[in-house]
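Every number for a ligand or one of its atoms is a count from 1 in the order of the listing.
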Amino acid sequence: MALANTTLANPFEGKEIWFGVGSQDLYGEEALRQVAAQSVEIVDALNATGTIPVKLVLKPTLKSSDSVRQFMADATSDDRCIGVIAWMHTFSPAKMWIRGLEALRKPLLQLNTQHHQEIPWDSIDMDFMNLNQSAHGDREFGYIVTRLGIPRKIVVGHYTDPEVAEKIGTWARACAGWDASNSMKVMRWGDNMRNVAVTEGDKTEAERVFGASINTWAVNELVSYVDAVKDAQVKELIEDYKAKYDVAPELLGARYDELFTAAKEEAGMVNMMNAYGTTAGVDNFEDLGTLSQLPGVAPQRFPAEYGWGFSAEGDWKTAVLVRIGSVMGYGLEGGASLMEDYSYNFVPGHEMDMGSHMLEVSPSIGSIAKPKLEIHPLGIGGKADPVRLVFTGKPKRGAVVISMADMRERFRLLMDVVDVVEPEGSLKMLPCARALWKPRPSLKVAAECWLRAGGSHHTCMTTSVGREAWEDFARIAGVELATIDEHTEPRAFERELELNEIMHRLNNQH
Ligand code: MN
C-alpha cells in the first residue's frame with residue numbers, strides 16, 4: 001500500500017469510526033470489567049494494523065436500551081463520526097437495540113469477532129463460555145438489524161486476521177466516500193451537451209439520495225476568474241508541470257503562450273472552485289464563453305492534485321463518482337478518473353476495450369510512462385488547440401469502471417470489474433490519454449450485460465479501490481448496484497436486473 005499523493009488534503013483526518021460493544025447488566029461487575037478490557041485490546045489492535053485509514057474510537061460498553069439510544073443519537077449528530085461498528089461481546093438482548101438503531105443515520109458495520117482465537121479445549125468452563133459468546137450475541141443482533149431492514153456490512157473473523165482489518169478498512173473508505181458525498185458541492189459550467197441522453201438526470205433527487213448539491217455557474221464568471229489570475233500563480237503551476245510531466249519542447253519555446261493560457265485556466269478554475277467550496281466540477285465544450293482553450297490539463301489534474309471529481313459534457317453524475325472514488329482511494333496507489341469506452345479489440349484471445357476521452361482522463365489512475373504534456377488541435381469545440389496530458393494507463397488487476405444512470409425512478413450504479421493491461425501497439429498517433437482493459441468475464445459478455453443494464457458510456461475508473469469499496473458505498477447509499485464480474489452470465493444477469501427493478505420499486509413506495 002504505497003502512499004501516492006502526499007500533498008493532497010487527507011479526507012480521513014479528524015474523522016472517526018465509533019465502536020460500540022453490546023452486553024447487559026445480567027453478567028455482573030467482574031464480567032463487564034473483562035468485556036471492557038478485552039474491547040480496548042481489540043480496538044487497539046485493529047487501530048495498530050495501519051490498514052484502517054480512519055481511527056476507531058471505543059465507546060463505553062452498552063448495557064441498556066437508553067444507553068444504546070444515546071450512543072446512536074450521538075453518533076448520528078457528531079460530524080466527526082462517519083460510521084458505527086457494533087460487536088456483541090456477550091449476549092445483548094436485541095430489543096434494547098431497536099430505538100437506537102431506528103435513530104442511527106450513519107453507516108453500520110456488524111463485526112462478528114471474539115477475543116480468543118482458539119477454544120481453550122482443556123480449560124473452557126461455563127464462566128468462560130458466558131463471557132465469550134459473540135457467536136450467540138451477534139446472531140441476536142443480526143436478527144434485529146435484518147428485521148428492521150437496516151443495511152450494514154458484516155465482517156466475520158478473529159480480530160487478528162488481516163482480512164478482518166482489510167474489510168473494515170475498505171468499509172471505512174466507503175464511509176469517508178459517503179461523508180464526502182453528503183458534503184459535496186458540484187460546480188457545473190454550462191449545461192449538458194446538446195441531445196445526449198445518459199448525461200442528463202434529476203439533480204434534486206441526486207441531492208436527496210447522495211447529499212451532493214449540484215448547481216450551475218455562468219461560464220462568464222469562470223472567464224472573469226481566469227482573467228483575474230496573477231502571473232505568479234500561473235508560473236508556479238508551470239513549474240509543477242515541468243516537475244511532473246515531460247513537457248513538449250514547443251510548449252516551453254514557440255508555443256509558451258499557449259501553455260501559459262492552459263495553466264491560467266487551471267488557476268482560474270481552481271480559484272473559483274475554492275471560492276465556492278466545491279469538490280467536483282464539470283464543463284461542456286459547447287458552452288465555453290470567451291475561454292480561449294477547452295480545458296484539458298487543468299481538469300486532468302483535478303483528481304490527482306486536488307482530490308476533486310471532474311467530468312465532461314455536463315455529465316455531473318460521473319463527476320460525483322470521481323470525487324467519491326478519489327476520497328475512497330486516498331493514500332493508495334492509483335486513483336479515480338473519468339473514462340469513456342471508445343474502441344474494442346476483437347482479435348480472438350486479445351479481446352479488450354480501449355477507454356479514453358478527448359481531454360479529461362486523469363493520470364491519477366497511474367501511467368506506464370511519465371505523462372507527456374502536449375498541444376494538438378481538437379476537431380470540435382471551435383477553440384484554440386488545447387494543452388493536454390498524454391499517457392497510457394498502468395496495468396492493474398481488479399480495477400473497476402462504474403457508471404451512474406438515471407432510470408427515471410431511481411439511480412442505477414453499474415460496475416464492471418476489469419484488468420487494465422498494456423496496449424499491443426504504440427498508439428503513437430493518438431493525442432490523448434487512454435487505458436486498455438480486459439473486462440471480466442469477457443469483452444463480449446461484459447459489453448452485452450453493460451448494454452442490457454443501460455450503463456453510461458461515461459464511467460469513473462478506479463485503480464485504487466476495487467469492487468468491495470463501491471459495494472459498501474452503494475449499500476450505505478441504498479442505491480442499486482449491478483456488478484459484472486468473472487462470474488457473470490448474461491441470462492442470470494438479466495434476471496438480476498429484473499429482480500432489482502421489482503425490489504427498488506417496492507422499496508420506493510413509501
Ligand atoms: Mn464523453
Side-chain angles (χ1 to χ4, degrees), residues 186-201 203 206 214 216 219 269 280-288 291 293-303 308-326 335-344 353-365 376-383 385-393 400-406 411-416 418 420 427 430-437 439 447 450-451 453-462:
V186 182
M187 180 167 279
R188 302 169 69 231
W189 290 298
D191 202 342
N192 293 61
M193 181 179 168
R194 284 186 279 274
N195 298 317
V196 177
V198 77
T199 55
E200 294 280 4
K203 299 187 288 292
I214 300 139
T216 304
V219 177
M269 294 170 101
V282 58
D283 65 3
N284 176 359
F285 69 91
E286 290 172 330
D287 184 7
L288 291 174
L291 277 187
Q293 287 179 22
L294 206 173
V297 59
Q300 285 183 293
R301 285 165 48 85
F302 277 10
W308 294 344
F310 193 83
S311 180
E313 293 142 18
D315 178 10
W316 52 267
K317 298 198 297 301
T318 305
V320 166
L321 291 177
V322 175
R323 164 64 179 163
I324 292 165
S326 291
S337 172
L338 165 69
M339 194 54 79
E340 180 170 273
D341 303 79
Y342 255 102
S343 202
Y344 295 141
D353 193 346
M354 191 179 78
S356 185
H357 210 266
M358 53 191 188
L359 293 172
E360 298 87 352
V361 170
S362 174
S364 64
I365 57 170
H376 301 281
L378 190 70
I380 57 175
K383 291 286 176 183
D385 297 354
V387 175
R388 84 288 298 272
L389 291 168
V390 179
F391 62 91
T392 303
V400 303
V401 286
I402 181 164
S403 91
M404 189 197 300
D406 184 328
F411 293 104
R412 167 176 284 166
L413 298 176
L414 175 64
M415 173 166 71
D416 188 11
V418 304
V420 181
L427 299 172
L430 195 62
C432 54
R434 61 272 172 160
L436 275 296
W437 63 85
W450 194 274
L451 299 174
S456 174
H457 48 86
H458 281 176
T459 60
C460 165
M461 169 176 271
T462 57

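The Mn ion (ligand 1) lies closest to atom OE1 when only the N/O/S atoms of Glu340 are considered. In Glu313, the N, O or S atom that comes nearest to the Mn ion (ligand 1) is OE1.
Ring pair Phe310/Phe302 is perpendicular by interplanar angle, where above 60° counts as perpendicular and below 30° as parallel.
Each of Thr459, Thr318, Thr199 was compared with Ser311 under the side-chain contact (heavy atoms from CB on, under 4.5 Å) criterion, and only Thr318 meets it.
Residue side and main chain included, His457 places no N/O/S atom under 2.8 Å of the Mn ion (ligand 1).
Around the Mn ion (ligand 1), the two atoms NE2 of His357 and NE2 of His458 are separated by an angle of 100°, to 10 degrees.
In summary, the side chains of Asp341 and His457 do not present any donor paired with an acceptor at a separation below 3.5 Å, with no hydrogens or angles considered.
Atom CE of Met339 sits about 11.0 Å away from atom CZ of Arg434, to the nearest 0.5 Å.
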